Chemist: 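My questions all concern the structure below.
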Amino acid sequence: MTRTVNLTVHVKPGSRKGPLVTVDEPTDAGPGGAATGPPADAALTVYLQQRAVEGAANDALVKLLAKHFGVPRGAVSIVRGHASRIKHVRIDHET
């Protein structure tokens, strides 16, 4: 049986922290306040050393998420946001 997980990922390319995957608590800015955390719909923040040049950060994201979740690279795909820091990712895995 195949299970599908959809995630919203906030990618930070060119980071010295990376490679690192963190789980986020969504934060919303209050009235007149600025948000200090990740966007409200982000489930994960991924810090990557690769820069967003010629798809290097997207390739690194797929590789890192596959390793993090213990699935093959082919099971991880970027559904939306190829040119954005906020990406929608689908992970298919056998149960």
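Nothing here was measured: the structure is a model prediction, and the numbers come from that model. These values consider heavy atoms only, across backbone and side chains, with no hydrogens, waters or symmetry-generated copies.
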Chemist: Considering only Ile, Leu, Val, Met, Phe, Trp and Tyr, and joining two whenever side-chain heavy atoms are under 4.5 Å apart, list the other residues clustered with Val53.
Modeler: none
Chemist: Hey, does Leu65 have a side-chain heavy atom less than 4.5 Å from the side chain of Leu44?
Modeler: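 Of all side-chain heavy-atom pairs linking Leu65 with Leu44, at least one is under 4.5 Å.
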Chemist: Taking the six-membered ring of Tyr47 (Phe, Tyr or Trp), confirm whether the NZ or CZ of Lys12 is under 6.0 Å from its centre and within 45° of its axis.
Modeler: no
Chemist: Search all heavy atoms of Pro13 against all heavy atoms of Arg85 and return the closest pair with its distance.
Modeler: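 It is CD-NH1, 3.9 Å.
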Chemist: Are Asp92 and Thr4 close enough that a side-chain donor and a side-chain acceptor fall under 3.5 Å?
Modeler: yes
Chemist: Show your working on side-chain contact (heavy atoms from CB on, under 4.5 Å) between Val5 and His93 and close with a plain yes or no.
Modeler: CA-CA 8 Å; Val5 176; His93 62 94; 4.1 Å; yes
Chemist: Quick one: pull up CD in Glu94 and CE in Met1 and give me the separation to the nearest 0.5 Å.
Modeler: 10.0 Å
Chemist: With a 4.5 Å limit on heavy-atom distance, are the side chains of Gln49 and Ser15 in contact?
Modeler: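 Not in contact.
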Chemist: Test of understanding: clusters of I, L, V, M, F, W, Y form through side-chain heavy atoms closer than 4.5 Å, transitively. Do Phe69 and Leu20 belong to the same one?
Modeler: no
Chemist: Indicate every side-chain donor-acceptor pair of residues 57-64 with a distance under 3.5 Å to a residue at least two apart or in another chain.
Modeler:
residue, atom, partner, partner atom, Å
Asn58, OD1, Lys87, NZ, 3.0
Asn58, ND2, His82, O, 3.0

Chemist: Would you compute the distance between atom OG1 of Thr45 and atom NE2 of His10 and round it to the nearest 0.5 angstrom?
Modeler: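 Output value for this atom pair is 6.0 Å.
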Chemist: Starting from Ile91, can I reach Val79 by hopping between I/L/V/M/F/W/Y residues whose side chains sit under 4.5 Å apart?
Modeler: no
Chemist: Tell me, do Val11 and Leu48 make a side-chain contact under 4.5 Å, heavy atoms counted?
Modeler: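 Contact flag for Val11/Leu48 side chains = yes.
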